[in-house]
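This report refers to the structure that appears directly beneath it.
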Amino acid sequence: MADHDAKEEQRPLNQWRRSKGGFMASMFIFVLSALDNMGFVANMVSIVLYFYGVMHFDLASSANTLTNFMASTYLLSLVGGFISDTYLNRFTTCLLFGSLEVLALAMLTVQAASKHLHPEACGKSSCVKGGIAVMFYTSLCLLALGMGGVRGSMTAFGADQFDEKDPTEAKALASFFNWLLLSSTVGAITGVTGVVWVSTQKAWHWGFFIITIASSVGFVTLALGKPFYRIKTPGDSPTLRIAQVIVVAFKNRKLSLPESHGELYEISDKEATAEKIAHTNQMRFLDKAAIIQENSKPKAWKVCTVTQVEEVKILTRVLPIVASTIILNTCMAQLQTFSVQQGNVMDLKLGSLTVPAPSIPVIPLVFISVLVPLYELFFVPFARKITHHPSGITQLQRVGVGLVLSAISMAVAGIVEVKRRDQGRKDPSKPISLFWLSFQYGIFGIADMFTLVGLLEFFYRESPASMKSLSTSLTWLSTSLGYFLSTVFVNVINAVSKRITPSKQGWLHGFDLNQNNLNLFYWFLATLSCLNFFNYLYWASRYQYKREDSGPGFKPLGEMSLKRVERKQDWEVSQE
């Protein structure tokens, strides 16, 4: 009777909850994603030319400036994720960092419009100095902080609009990540065509101005959707919870583990205010943090719950997955730097129309905009019938497909560069068509479709409730490290090849691509990507998914039995 009364009391709350969230709320987030990504991608593919032609960096320095900027942007997503998990809710965090982003874009617009804020060409690797340098780097730093903070909170905020424990909403959650990618892609198509054309053919400041207005409209739209959102309050500091487990486990290192994990400390169902995670037998040394010593009461920094220990185990298990995707993002950095510079010295004519080199990524974006609906509407329902997985195929399988395609993309990029360079040396007045680059862009675009959505959904589903934003930010951490690694590779390979080549010139030296060996750099990345794929297979095949401890008699989607799916072909465990 008491249980019946409790259910009756909860019914109005559940009905109210269902009236919020879902795809109605997500529409506002999709609009922000499209408008914000329009500027983000336009800058990502074209601003290297702004660094090169207006700010007068050389080839390597302009590429490194972009990769360092992009790496910092993605790295700072961890700041946004941490703040939204701990201090501010995800909605407020997104708007706060959005205001910084708009301010930075306004500063870029002003500097691009004012010729006295441009440096004079000096023939060095960088000509930016004095007050010009202060304004230039301040705007880039603010832009990286703003964009990073938005990415660290927006994805998790959108996913919060769905209850992953409800079977119906769990399927909707899987669809959300695909439609989020589609909205981002639509915005990106506008960015790499319209905005890039304005920037490169008219004036850079007009391109930055359009981006500033679009981002402003996006954040206003997000704010207007507040009545429809499910806004979760932040909890305890994720870093504090992790530190407590490590410290207590170290203090208890000399204690023996009990024979049964049931003797480890865990709060009762009545005391629990968040999800409880079932115990796993991996990394048993961390279980020592959940040992209650005799004649002691449970206190923070004295004992941790099993759930708290499992949270640390989950984060530890996903780190090799994060590391395995870094090389893929290093490959992506090349398509936004050296491939754009390749396109700039190719035939840009399409009939009577001159196509800006940075607009070539529209080809993979068009592929993605067509493939995402086909994937969501046809492949996923078909695959669900076979695998019984809400996403059709598992997230780690999607990532694996992306890693294979990225290696192929770099191999193709090297072949295309040989053809471009040979023609450039033979007859510079008749370069090959820009659309030869569509092969490497198209293949990598499909790779990105599989990998990005797979990682975002994987980290959101696997992460503890108190770490959703921080965990999804691990996707951007991988991207950040990939961009930083690109800078390291360019510098190291230039230094090493300068010593060992007969010409005593680095593979990527100077201003003239026709005198470089960019193809060898692409093939180096292709080889590295193949080796990295086997490393990924090792870790993915051993990954153990999170299971929630919901008590007897109830098995939500996340706790259903685990099985191997197509043991000979698959690399990871799938939920049945």
Side-chain angles (χ1 to χ4, degrees), residues 43-53 55-76 119 121-129 133 136-137 140-141 144 323-345 406-407 409-411 413-414 417 421 440 444 476-532:
N43 278 337
M44 189 166 62
V45 301
S46 68
I47 204 170
V48 67
L49 298 180
Y50 175 72
F51 297 156
Y52 179 73
M55 306 310 287
H56 300 299
F57 291 89
D58 69 5
L59 283 173
S61 295
S62 57
N64 285 346
T65 301
L66 175 62
T67 52
N68 288 339
F69 165 70
M70 296 301 299
S72 300
T73 299
Y74 288 122
L75 185 62
L76 288 168
C122 63
K124 298 179 181 178
S125 60
S126 174
C127 301
V128 178
K129 58 185 178 180
F136 177 70
Y137 287 113
L140 287 186
C141 289
S324 300
T325 58
I326 292 174
I327 296 297
L328 176 140
N329 291 301
T330 300
C331 297
M332 182 171 67
Q334 312 320 311
L335 300 184
Q336 294 152 12
T337 52
F338 289 115
S339 293
V340 174
Q341 291 169 340
Q342 281 179 279
N344 210 37
V345 294
S406 70
S409 174
M410 287 296 100
E417 169 58 12
R421 188 187 62 193
Q440 64 211 55
F444 197 91
W476 311 124
L477 174 63
S478 168
T479 307
S480 170
L481 295 176
Y483 277 97
F484 278 132
L485 190 60
S486 173
T487 300
V488 172
F489 280 159
V490 169
N491 291 334
V492 171
I493 285 177
N494 255 343
V496 172
S497 57
K498 188 182 295 184
R499 293 183 179 181
I500 63 176
T501 55
S503 65
K504 298 301 179 182
Q505 298 287 350
W507 285 358
L508 307 168
H509 73 281
F511 291 84
D512 189 357
L513 272 179
N514 290 334
Q515 303 304 317
N516 283 337
N517 289 286
L518 180 58
N519 58 304
L520 298 180
F521 183 55
Y522 282 142
W523 288 334
F524 165 76
L525 291 177
T527 304
L528 207 58
S529 296
C530 291
L531 297 175
N532 177 65

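Residue numbers run from 1 in the order of the sequence given. Everything numeric here is computed off the predicted structure, so don't read it as measured data.
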Task: Derivation and outcome, side chain to side chain contact (heavy atoms under 4.5 Å, CB included), residues Y483 and F69 - done: CA-CA 9 Å; Y483 277 97; F69 165 70; over 6 Å; no
TODO: Show the numbers, then the answer: is there a side chain to side chain contact (heavy atoms under 4.5 Å, CB included) between M410 and F524?
DONE: CA-CA 9 Å; M410 287 296 100; F524 165 76; over 6 Å; no
Open item on the list: Using side-chain heavy atoms (C-beta onward) and a distance below 4.5 Å, is C331 in contact with S529?
Closed with: yes
Open item on the list: How long is the straight-line distance from CG of L328 back to CG of L525, given to the nearest 0.5 Å?
Closed with: 11.0 Å
Task: Pair Y74 and F484, ring centroids less than 6.0 Å apart - done: no
Open item on the list: Let's go through Q440 and Y522 carefully: what are the C-alpha distance in whole Å and the side-chain angles of both, what is the deciding distance for side chain to side chain contact (heavy atoms under 4.5 Å, CB included) to 0.1 Å, and is it a yes or a no?
Closed with: CA-CA 11 Å; Q440 64 211 55; Y522 282 142; 4.2 Å; yes
Open item on the list: For a quick check under 3.5 Å, do T330 and S486 share a side-chain donor-acceptor pair by atom type?
Closed with: no
Open item on the list: side chain to side chain contact (heavy atoms under 4.5 Å, CB included), that's the test. Do R421 and L518 meet it? Break it down for me.
Closed with: CA-CA 9 Å; R421 188 187 62 193; L518 180 58; over 6 Å; no
- [ ] Quick one: pull up CG in L140 and OG in S72 and give me the separation to the nearest 0.5 Å.
- [x] 9.5 Å
Task: Atom of N519, atom of G414 and distance for their closest heavy-atom approach - done: CB-O, 3.5 Å
Task: Value rounded to 0.5 Å, distance of OG in S62 from OH in Y50 - done: 13.5 Å
TODO: Hey, could you give me the CD1/SG distance between I327 and C530, rounded to the nearest 0.5 Å?
DONE: 11.5 Å
Task: Heavy-atom closest pair, residues A411 and A526 - done: N-CB, 3.7 Å
Open item on the list: To the closest 0.5 Å, what do you measure between CG (L75) and CG (N68)?
Closed with: 11.5 Å
- [ ] State the CG-CG distance between L481 and L485, to the nearest 0.5 angstrom.
- [x] 8.5 Å
Open item on the list: Any heavy-atom pair between the side chains of F521 and E417 that's under 4.5 Å?
Closed with: no
- [ ] Verify, without hydrogens or angle tests, whether N532 (side chain) and S324 (backbone) share a donor-acceptor contact under 3.5 angstrom.
- [x] yes
